[in-house]
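Data first, discussion second: the structure below is written as structure tokens.
Note that the structure is a prediction, hence the values are computed from the model and not measured.
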Amino acid sequence: MTSTSRKAYGVKGAPYAFLFPAAILFLLFFALPIGYAVWLSFRKVKVSGLGLGSGARREVWAGLENYTDALTDDELVAGALRVLGYGCIVVPVMLGLALLFALMLDSEKVRFAPVTRLAIFLPYAIPGVVAALLWGFLYLPDVSPFYFVLEKLGLPQPDLLDGGPLYLALSNIAVWGGTGFNMIVIYTSLQAIPTEVYEAARLDGATPLQIALRIKIPMVAPSLVLTFFFSIIATLQVFNEPTTLKPLTNSVSTTWSPLMKVYQDAFGKGDIYAAAAQATIIALATLLLSFGFLRAANRRNKQEASR
């Protein structure tokens, strides 16, 4: 091999050399754990006799038994329905506020835009457990300053940690923490729109509201799709908020969300095989929903582009 060919080979192989460490980390800490969880989902423990002595408890092949049990588990189905109601509140409110804040910050008349942008984004930098604890104590009537003010004003004091208001309490934590991130994504897309587009619209007599509705929002549609995609995934994986609020109220069970059910079965009951099957089902549901939504969004973009 000549020196020229060695140099060419080295140049072609350089990208793979840079990707090799990331590929190894991806394989060790992502692909292999997922594969191991899927393998466990097809296994179970068989107990012989009283379960005492060596060989009395053996790991055997279970086939689809764990998946059948998971799909017919009333607690898992109930948790999925609760998360569905939770998501119907969180996703539209959070993305609506993120879009509104991004449009306001992109306005030429806004003052102190950097400070305002940082203030909106700051809650996202607070860990989810800390945010849930903060809001949890604000929801408690005995320690919350809000209830003190409502009491002094003679106004009703609703219990936000019980019944239907619990959904609003949990949704508020998610909206408060996630709006800033989505706002930054949408705002960045707004900043990338050429100013000539706005100038042409103003020359045609468009008002700021018309510019926002007919130019800005359609042009940041890909960012809205992306933030909606992330929001759906985060909603399906809700765990921190209900788990953190659970010690503060009896309305949050140990299986309130599907991920809490997985955690309870794996570490509460010690049934890692059933938990692995449930986790695999949740992952597949997330994948199918995400793939379906992205495919529908791409089909719509192609139809609009062909017009």
Side-chain angles (χ1 to χ4, degrees), residues 78-102 104-105 112-187 227-228 230-261 263-264 268:
L81 293 176
R82 283 190 287 265
V83 168
L84 178 62
Y86 166 84
C88 289
I89 300 174
V90 171
V91 175
V93 174
M94 181 168 59
L95 295 186
L97 288 175
L99 177 61
L100 177 62
F101 291 149
M104 292 174 62
L105 290 173
F112 309 109
V115 177
T116 305
R117 186 168 61 248
L118 178 62
I120 298 173
F121 179 78
L122 190 60
Y124 178 74
I126 299 176
V129 175
V130 176
L133 281 174
L134 170 65
W135 282 103
F137 283 106
L138 291 177
Y139 293 151
L140 286 176
D142 294 337
V143 297
S144 174
F146 299 133
Y147 283 92
F148 176 78
V149 174
L150 291 175
E151 182 182 3
K152 294 299 182 182
L153 296 176
L155 297 176
Q157 305 173 40
D159 188 358
L160 297 177
L161 295 178
D162 186 28
L166 177 64
Y167 285 86
L168 299 178
L170 290 170
S171 301
N172 175 67
I173 300 173
V175 170
W176 182 77
T179 300
F181 171 80
N182 294 306
M183 180 271 297
I184 289 295
V185 174
I186 299 172
Y187 177 75
T227 52
F228 184 83
F230 287 155
S231 300
I232 289 292
I233 294 177
T235 299
L236 294 175
Q237 297 178 351
V238 60
F239 180 83
N240 288 335
E241 292 84 355
T243 302
T244 305
L245 292 183
K246 183 183 176 301
L248 305 179
T249 175
N250 294 325
S251 297
V252 179
S253 64
T254 56
T255 59
W256 192 88
S257 71
L259 282 188
M260 292 177 68
K261 177 68 166 59
Y263 182 87
Q264 177 65 18

Indicate every side-chain donor-acceptor pair of residues 130-143 with a distance under 3.5 Å to a residue at least two apart or in another chain.
| unit_1 | atom_1 | unit_2 | atom_2 | d |
| --- | --- | --- | --- | --- |
| Tyr139 | OH | Ala169 | O | 2.9 |
| Tyr139 | OH | Asn172 | ND2 | 2.9 |

Which donor-acceptor pairs under 3.5 Å do side chains of residues 87-96 form with protein atoms, sequence neighbours excluded?
none

Less than 3.5 Å apart, which donor and acceptor atoms pair up between the side chains of residues 114-122 and the rest of the protein, not counting sequence neighbours?
| unit_1 | atom_1 | unit_2 | atom_2 | d |
| --- | --- | --- | --- | --- |
| Thr116 | OG1 | Phe112 | O | 2.8 |
| Arg117 | NH1 | Tyr187 | OH | 3.4 |

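Evaluation of the side chain to side chain donor-acceptor pair (under 3.5 Å) rule for Asp159 yields no partner, not counting sequence neighbours. With sequence neighbours excluded, the residues forming a side-chain contact (heavy atoms from CB on, under 4.5 Å) with Glu151 are Gln157, listed by chain and number. Checked against side-chain contact (heavy atoms from CB on, under 4.5 Å), Phe239 has the following partners two or more places apart in sequence or in another chain: Thr243, Leu259, Met260, Tyr263. Considering only residues two or more places apart in sequence or on other chains, Tyr167 meets the ring pair (Phe, Tyr, Trp, His ring centres under 6.0 Å) condition with Trp256.
Of all non-hydrogen atoms in Leu245 and Ile173, the two that sit nearest each other are CD1-CD1, 4.0 Å. Closest approach of Ser251 to Asp162, counting heavy atoms only: OG-OD1, 2.8 Å.
Contacts classified as side chain to side chain donor-acceptor pair (under 3.5 Å) and involving residues 86-99 (residues at least two apart or in different chains) are not found. Sorted pairs that involve residues 230-240 and meet side chain to side chain donor-acceptor pair (under 3.5 Å), not counting sequence neighbours, are lacking altogether.
Note that the CG atom of Leu166 and the OG1 atom of Thr249 stand 6.5 Å from one another [nearest 0.5 Å]. Here the OG1-CG distance, from Thr179 to Leu99, works out to 11.5 Å after rounding to the nearest 0.5 Å. Distance check, rounded to the nearest 0.5 Å: CD1 of Ile233 to CZ of Phe228 gives 11.0 Å.
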